[in-house]
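A quick write-up on the structure given underneath.
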Amino acid sequence: SHTQMATLATSIVVSFSKPSSSLFLSKFTSHIHSVSFPKRYHSTRKLMSHTLARATTLGLTHPANIETPKISFSATDIDVTEWKGDILAVGVTEKDLTRDSKSRFENLILSKIDSKLNGLLAEASSEEDFSGKVGQSTVLRIKGLGSKRVGLIGLGQSPSTTALFKGFGEAVVAAAKSAQASNVAIVLASSEGLSSQSKLSTAFAIASGAVLGLFEDHRYRSESKKSALRSIDIIGLGTGPELEKKLKYAEDVSSGIIFGRELVNSPANVLTPAVLAEEASKVASTYSDVFTAKILDAEQCKELKMGSYLGVAAASANPPHFIHLCYKPPSGPVNVKLALVGKGLTFDSGGYNIKTGPGCSVELMKFDMGGSAAVFGAAKALGQIKPLGVEVHFIVAACENMISGTGMRPGDILTASNGKTIEVNNTDAEGRLTLADALVYACNQGVEKIVDLATLTGACVVALGPSIAGVFSPSDELVKEVLEASEVSGEKFWRLPLEESYWETMKSGVADMLNTGGRPGGSIAAALFLKQFVDEKVEWLHIDMAGPVWNDKKRTATGFGVATLVEWVLKNAS
């Protein structure tokens with residue numbers, strides 16, 4: 001009866017804190033919403049809905065809806081001394097600062113600017129000991145030019161990498177923020193020797209750095225700052241549709257990186273598996289001309305026999321959501337099918353092997369879904385770029401690794417969807433358990449190549465430090481593709497061996513395998529574990545990004561992986 005239903009609703013709300021009731025509760029709620037209640041019970045239903053909303057957002061925290069600031073880019077060949085605006089930012093190498101016998105700049109652009117300033121620039125740079133090293137900058141308030149300020153930004157000895165020019169773009173924006181500038185011009189003191197292709201890639205890197213440097217995540221602050229910067233003119237790197245297309249590409253990729261950063265920055269009490277699925281679905285609906293979305297619940301995953309993934313998810317009050325986005329080009333044939341698989345642990349307590357002690361970083365375990373953030377960030381960028389000839393599957397097995405009476409225990413044996421059995425000797429090696437079923441699912445989509453990304457092991461951070469991701473693959477050709485993509489993106493990767501002899505440490509006495517081996521070579525053993533769930537006919541590459549997912553100095557997410565994934569997909573599309 002309606003009375004019994006209303007009474008049951010109230011009792012469920014009261015007992016909501018029981019973890020074992022969460023899956024039933026989500027199904028019951030949807031059933032309640034489908035029932036036609038008499039008017040006198042509407043208030044009960046409304047009360048239940050509000051109580052559930054409060055219960056599922058611990059701390060009553062909601063991110064503010066802050067619009068990401070936009071920069072308008074334009075390319076021009078105007079004379080630098082005639083440009084009018086707030087800051088003229090000049091990128092200078094150490095060689096560019098060479099002086100003649102009268103202490104005047106030999107570099108043509110610096111000499112032209114300084115002649116308008118009666119030598120003030122040369123004098124100030126000497127007084128401030130500015131030598132053009134990376135990280136150095138000096139900004140002067142001036143008269144005599146069209147710009148209100150002129151800034152010198154150090155580029156080091158011989159800049160040539162994407163990462164360095166991205167850093168230059170970020171430094172320019174930092175100067176603009178400090179001066180509350182609304183429009184800025186960027187010029188390299190020495191650009192005449194660059195090829196047409198180098199000019200395009202340099203403009204891309206500078207624009208990317210500027211967009212990312214402008215972004216600050218204020219969604220969880222009580223007050224937010226607004227940037228004054230609205231436009232950037234890039235001088236001396238050419239003009240025309242090809243350069244404009246490259247600048248648009250920089251904006252598209254950067255928007256994906258920012259989306260990835262926002263996902264990783266969001267705390268676990270806000271970004272639950274359900275919310276991650278919702279964010280992914282928004283990407284698909286925004287670019288519905290090329291995307292479809294499929295979200296599987298626990299029952300559907302059970303039908304697919306994803307015992308490894310569900311074993312990890314079992315302890316949490318927040319039910320798992322298996323997320324599958326599919327990109328298909330807006331027109332033309334599909335020549336290659338790819339899959340991007342991301343680890344999606346929205347929080348990792350470690351389970352019964354709980355994270356404790358110094359260095360365990362349990363307070364940062366919201367970033368354990370960094371792989372999924374890279375995957376969905378790439379999806380957002382590709383939804384804007386719309387490459388032809390390629391089909392891409394974006395797959396994430398999202399869940400939490402928590403502790404409760406329903407959770408997996410050390411010694412439990414899980415059965416993955418390919419039938420292989422796993423003895424869990426450490427519940428804190430859970431990411432690979434979720435990826436196992438995600439990789440099997442990816443192979444079943446008929447893809448030819450898979451790249452998975454995961455904040456998988458501390459061992460990889462010990463080996464490569466905080467800035468470099470480890471790459472593992474039996475395919476030399478696929479490694480070459482990804483590393484070439486990373487050279488364009490400016491992200492750092494290093495290939496590590498898949499040493500088959502280390503598999504001995506993963507052998508179980510009662511199941512097909514353990515989920516961890518010994519401490520030595522831990523990241524290699526983890527990669528070998530994942531290899532057991534990939535079809536031999538499919539090319540596969542694993543990226544361990546536990547180090548570069550997070551910037552400890554700035555205490556924020558990096559958006560690592562997005563740019564490289566987008567570049568890799570586009571290379572395959574072409």
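- Using a distance-only test at 3.5 Å, with no hydrogens or angles considered, a donor-acceptor pair links the side chain of S489 to the main chain of S486.
- Residues forming a side chain to side chain donor-acceptor pair (under 3.5 Å) with K492 (at least two apart in sequence, or on another chain): none.
- The environment of R221 atom CZ is sparse: at most 12 non-hydrogen atoms of other residues, nucleotides or ligands sit within 6.0 angstrom.
- The pair E216-K177 meets the salt-bridge criterion, since a charged nitrogen lies less than 4.0 angstrom from a carboxylate oxygen.
- A salt bridge does not link K480 to E477: none of the charged side-chain nitrogens sits closer than 4.0 Å to a carboxylate oxygen.
- K343 places a side-chain N or O within donor-acceptor distance of the main-chain N or O of T455, the cut-off being under 3.5 Å.
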**Request:** Show your working on ring pair (Phe, Tyr, Trp, His ring centres under 6.0 Å) between H324 and F394 and close with a plain yes or no.
**Result:** CA-CA 6 Å; H324 176 198; F394 305 81; 9.0 Å; no
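- In terms of modelled atom types and a separation under 3.5 Å, the side chain of E262 and the main chain of F259 share no donor-acceptor contact.
- No more than 12 heavy atoms of other residues, nucleotides or ligands sit less than 6.0 Å from atom CD of E242.
- With values rounded to the nearest 0.5 angstrom, L453 atom CG is found 7.5 Å from L340 atom CG.
- Distance alone, capped at 3.5 Å, is enough to place a donor-acceptor pair between the Y352 side chain and the S404 backbone.
- With sequence neighbours excluded, the residues forming a side chain to side chain donor-acceptor pair (under 3.5 Å) with D476 are R495, listed by chain and number.
- Of the inter-residue distances, the one linking K420 atom NZ with T415 atom OG1 reads 13.0 Å to the nearest 0.5 angstrom.
- The 12-atom threshold is not exceeded at CD of E536, counting heavy atoms of other residues, nucleotides or ligands nearer than 6.0 Å.
- H542 NE2 to L435 CG: the interatomic distance, rounded to the nearest 0.5 Å, is 8.0 Å.
- Checked for salt-bridge contact, D217 and R219 meet the test: a charged N lies under 4.0 Å from a carboxylate O.
- Heavy atoms from other residues, nucleotides or ligands lying under 6.0 Å from OH of Y502 number 12 at most.
- Atom CD1 of I66 sits about 4.0 Å away from atom OG of S224, to the nearest 0.5 Å.
- The minimum heavy-atom distance linking A210 with F73 is given by the pair CB-CZ, 4.1 Å.
- Scanning all heavy atoms of the two residues, the minimum distance from L456 to A526 falls at CD2-CB, 3.6 Å.
- A donor-acceptor pair is defined here as one N or O able to donate and one able to accept, closer than 3.5 Å; no such pair exists between the side chain of E400 and the backbone of S316.
- In plain terms, the two heavy atoms of I258 and V211 that are nearest each other are CD1-CG1, 4.0 Å.
- Between the side chains of N353 and T427, at least one donor N or O sits under 3.5 Å from an acceptor N or O.
- For F560, the ring-ring contact (aromatic ring centres under 6.0 Å, His included) partners two or more places apart in sequence, or in a different chain, are F493.
- In this structure, D348 does not pair ionically with K366, as no charged nitrogen and carboxylate oxygen lie closer than 4.0 Å.
- At a threshold of 4.0 Å, the pair E567-K571 counts as salt-bridged, since one of the basic side-chain nitrogens sits closer than that to a carboxylate oxygen.
- N401 contributes no side-chain N or O that, together with a main-chain N or O of F347, makes up a donor-acceptor pair within less than 3.5 Å.
- Here the side chains of I468 and P548 are not in contact, with every heavy-atom distance at 4.5 Å or above.
- Between the side chain of R432 and the main chain of N515, a donor-acceptor pair closer than 3.5 Å is present.
- Within a 6.0 Å radius of NZ in K355, more than 12 heavy atoms belonging to other residues, nucleotides or ligands are found.
- Using a 4.0 Å cut-off between charged side-chain N and carboxylate O, K226 and E67 make no salt bridge.
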**Item:** Verdict with reasoning, E481 to K449, per side chain to side chain contact (heavy atoms under 4.5 Å, CB included)
**Value:** CA-CA 11 Å; E481 287 181 15; K449 303 175 186 179; 2.8 Å; yes
**Request:** Begin from the C-alpha positions of L478 and W568 and carry the test side chain to side chain contact (heavy atoms under 4.5 Å, CB included) through to its verdict.
**Result:** CA-CA 10 Å; L478 187 52; W568 178 67; 3.7 Å; yes
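- Heavy-atom neighbours of K305 NZ from other residues, nucleotides or ligands within 6.0 Å: at or below the threshold of 12.
- E487 and T162 share no donor-acceptor pair across their side chains, judged by distance under 3.5 Å alone.
- Residues F204 and F165 keep their aromatic ring centres 6.0 Å or farther apart.
- Between K70 and E251 there is no salt bridge, since no side-chain N of the basic residue sits under 4.0 Å from a carboxylate O of the acidic one.
- Judged purely by distance below 3.5 Å, without hydrogens or angles, the side chains of E491 and T564 pair a donor atom with an acceptor atom.
- Atoms NZ and NE2, on K294 and H393 in that order, are 9.5 Å from each other to the nearest 0.5 Å.
- Between F291 and Y327, the ring planes lie perpendicular to each other; the angle is over 60°, past the 30° to 60° tilted range.
- With no hydrogens or angles considered, no side-chain donor-acceptor pair links N318 and T272 at under 3.5 Å.
- K380 places no side-chain N or O within donor-acceptor distance of the main-chain N or O of G377, the cut-off being under 3.5 Å.
- The closest donor-acceptor contact from the side chain of T558 to the backbone of N551 lies at 3.5 Å or more, if one exists at all.
- When atom types are taken as modelled, the side chain of D544 and the backbone of T457 share a donor-acceptor pair closer than 3.5 angstrom.
- There is a side-chain donor-acceptor pair under 3.5 Å between D452 and W540.
- Going from atom CD1 of I257 over to atom CG of L565 covers 10.5 Å, rounded to the nearest 0.5 Å.
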**Request:** Before giving the answer on side-chain hydrogen bond (donor to acceptor under 3.5 Å, both in side chains), spell out for D437 and S417 the whole-Å C-alpha distance, their side-chain angles and the decisive distance to 0.1 Å.
**Result:** CA-CA 6 Å; D437 283 325; S417 48; 2.7 Å; yes
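- Nearest heavy-atom pair across N265 and A557 is OD1-N, 2.9 Å.
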